[in-house]
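The structure under discussion appears below in the form of structure tokens.
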Amino acid sequence: MKFSVLVNEGPYTHQASDTALAFTKAALEKGHEIFRVFFYHDGVNNGTRLTVPPQDDRNLQQMWSDLGAKYKLDLVVCIAAAQRRGILDENEAKRQGKDANNIAPGFRISGLGQLIEAGIEADRLVVFGD
Amino acid sequence: MKFSVLVNEGPYTHQASDTALAFTKAALEKGHEIFRVFFYHDGVNNGTRLTVPPQDDRNLQQMWSDLGAKYKLDLVVCIAAAQRRGILDENEAKRQGKDANNIAPGFRISGLGQLIEAGIEADRLVVFGD
Amino acid sequence: MSEGSKKKKFLYINRRAPYGSIYALESLEVVLIGAAFEQDVSLAFIDDGVYQLMKDQDTKAIGMKNFAPTYRALGDYGVTKVFVEKESLDERGLSADDLMELVYEDENEDYAEKPLLTVVDRKSLAAVMGEQDVVLSF
Amino acid sequence: MSEGSKKKKFLYINRRAPYGSIYALESLEVVLIGAAFEQDVSLAFIDDGVYQLMKDQDTKAIGMKNFAPTYRALGDYGVTKVFVEKESLDERGLSADDLMELVYEDENEDYAEKPLLTVVDRKSLAAVMGEQDVVLSF
Amino acid sequence: MSTLHTVNKSPFERSTFMSCLGHLQPGDAVLMIEDGVVGARKGGAFAGALASVAGACKLFVLGPDLAARGLKESDLIDGVTVVDYGGFVDLAASHDRTNSWL
Amino acid sequence: MSTLHTVNKSPFERSTFMSCLGHLQPGDAVLMIEDGVVGARKGGAFAGALASVAGACKLFVLGPDLAARGLKESDLIDGVTVVDYGGFVDLAASHDRTNSWL
């Protein structure tokens, strides 16, 4: 079956990202397809490569990037939500005249239409949030 | 009177930062002193200079930086919370081997002890959060 | 729509008051972007979500943009199934009179102006939820 | 402490369950750092905060660090006034037996081992709240 | 030695509002801010609980938040005073401590 | 045509748990995850409300979240099934849609 996953909160503050990651992994291990993981609201904060969690804690950005690389996942950060919260890739940083970017490997920034498409194309959309 | 302010949530997602800013401004305009504004939990996300809010929306980072400059406010971002969430200044980025930093002008990164001190030194500590 | 393309039933459930958090505004952004995809869209306002539709919202003093007028455009975006839960109004001491008078022009009836909001009871709304392909709650 | 230095009464109120959000953990980090300042510290566990003290927390399967053992160190940090609200336990079908058995060594009584948690009723806790200089709620 | 309690969430969404009311001392003040202002509306399910503490405690709502949610002073239960951000500062200054119910 | 409802917050903290129970259709399933698992504890204030829907709907809790909060299967009201993340996936697949009460 084809799933899409929506992550609405950032890492650490709420459990949403942890649960979404565990769900996504379990679905893949059962042979399901993940059409897309879309990050909205504070969920975009999962996609910064500048996090330095404590050494005895999990690194959620790294875990998403690793899972994405292993299964070739489409990890999409909403552009409008990302701009409000300061998540930029190289192109966006240039376009907005910012002197740095912080997007993590394996994440891409795109529009909200990708969320609607994720709902249309997948058999099930599962949402995680606050 | 001497106030300290604690901001526990990031900009836009919750109203906490807006209300804290309005409170701080009103206190200053009444002639009170603001000993420190401390940003904890997701509150550290107020301190990234990479945000690009929509043109018809407020820019909370800019408003904090401006208010800070006008009144010489001590705007302190908690280092432990900031590392978890990817808010770094130049020193921290170097120390952690990161290729970019995102701290906004007028904010400084320091330890949780600064929050305790803010509670001890101010006559009142007022907290804003989710 | 062409026969081959997919048309799904999308329900957006709005449960939170506006301004205290961004969910109401960012939900509206999804609905407006989603309109371009010509899906079968419904909106439901339940629990504190009913406050999103209040008349006379004035956000000047909190320094935030008043996005309530945007709900007036829903009809133009082809979103005409908009439900408000009666029990949610009742619990809050509100009635339909406290809400904005929203209308849309029905293109199937010579653009006759019709009320956009339909107040329904909890049981009916639960039935609407049970008919969807995709449910997004904000 | 020297006579001139300030000593204030700090109360940390823990209201949320652990793991679902980070507030419980980051509250504990404040308490431990704050201990170095030798203030007059109290902790209160009310509402869902009582779940932070549950016995037998096992976080292996959620992939998060179990920080419950850290509460055992509170006494070593000089934090010995730790209140648990009785009504909050009752509403959740919990009793003091469901909580970790935490102790501290009383340095004023030849390091006698004493229970760290004191179960108090809501009214008493409200009185404790009213005696503080600084109240932080997480 | 009284406390200013602030409540920033709707009682219809979170338990903080009722938890706050359950921990008041006589002479304390409650200030409803942000989404918390909706709890003070006349005819709402929590109006009675709020009114029951109005004798022993003073009740306030933040006007800017009230207006944003389309509510007017006349929509509120009796005994609630509307203040602006300056009034919030005054309340924080005139009480011995602030307890933010988050 | 049944729905999997997920509830991720404690009923003692938020209204989502009760709002979800109020919007169930016969044949639906409710899965309590994250802090939501505490609502299924025997003797708790919401145990009765949950038990009252157990006839028409199936009830589940996410085991990893239950263990993290120091709760065991034997602590739960009757009629609640414990699943792991794989079971969560199976439930999402076997119902026509998922409704996350956020």
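Numbers restart at 1 for each chain; the letters A, B, ... are given by sequence-line order, proteins then strands. Atoms considered below: every heavy atom in the structure, side chains included; atoms not considered: hydrogens, waters and symmetry mates. Being a predicted model, the structure only gives us computed values, none of them experimental.
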Evaluate the side chain to side chain contact (heavy atoms under 4.5 Å, CB included) criterion for residues F:Asp35 and D:Asp48: first the C-alpha distance (whole Å), next the side-chain angles of each, then the deciding distance (0.1 Å), finally the verdict.
CA-CA 9 Å; F:Asp35 288 346; D:Asp48 280 342; 5.9 Å; no

Give the interface residues of residues 15-26 of chain D toward chain F, defined by a heavy-atom separation under 4.5 Å.
D:Arg16, D:Ala17, D:Pro18, D:Tyr19, D:Gly20, D:Ser21

So which residue, D:Asp90, D:Leu94, D:Ile62, ends up with the most heavy-atom pairs under 4.5 Å with chain F?
D:Ile62

Only pairs of heavy atoms separated by less than 4.5 Å count here; which of D:Lys60, D:Gln57, D:Met64 has the most with chain F?
D:Gln57

Can you establish whether the number of heavy atoms outside [X] located under 6.0 Å from its atom [atom1] is more than 12?
| X | atom1 | result |
| --- | --- | --- |
| D:Lys55 | NZ | yes |
| D:Asp76 | CG | yes |
| D:Tyr77 | OH | no |

Proximal component of D:Asn66, with respect to chain F [non-hydrogen, under 4.5 Å]
neither

Apply side chain to side chain contact (heavy atoms under 4.5 Å, CB included) to the pair D:Met54 and F:Leu71, showing each step before the final yes or no.
CA-CA 8 Å; D:Met54 291 288 283; F:Leu71 295 171; 3.6 Å; yes

How would you list all residue pairs meeting ring-ring contact (aromatic ring centres under 6.0 Å, His included) that involve residues 16-62 of chain F, not counting sequence neighbours?
F:Phe12-F:Phe46, F:His23-F:Trp101

With only heavy atoms counted, which part of F:Val37 is less than 4.5 Å from chain D, the side chain, the backbone, both or neither?
neither

Heavy-atom proximity to chain D below 4.5 Å, by part of F:Arg41:
side chain

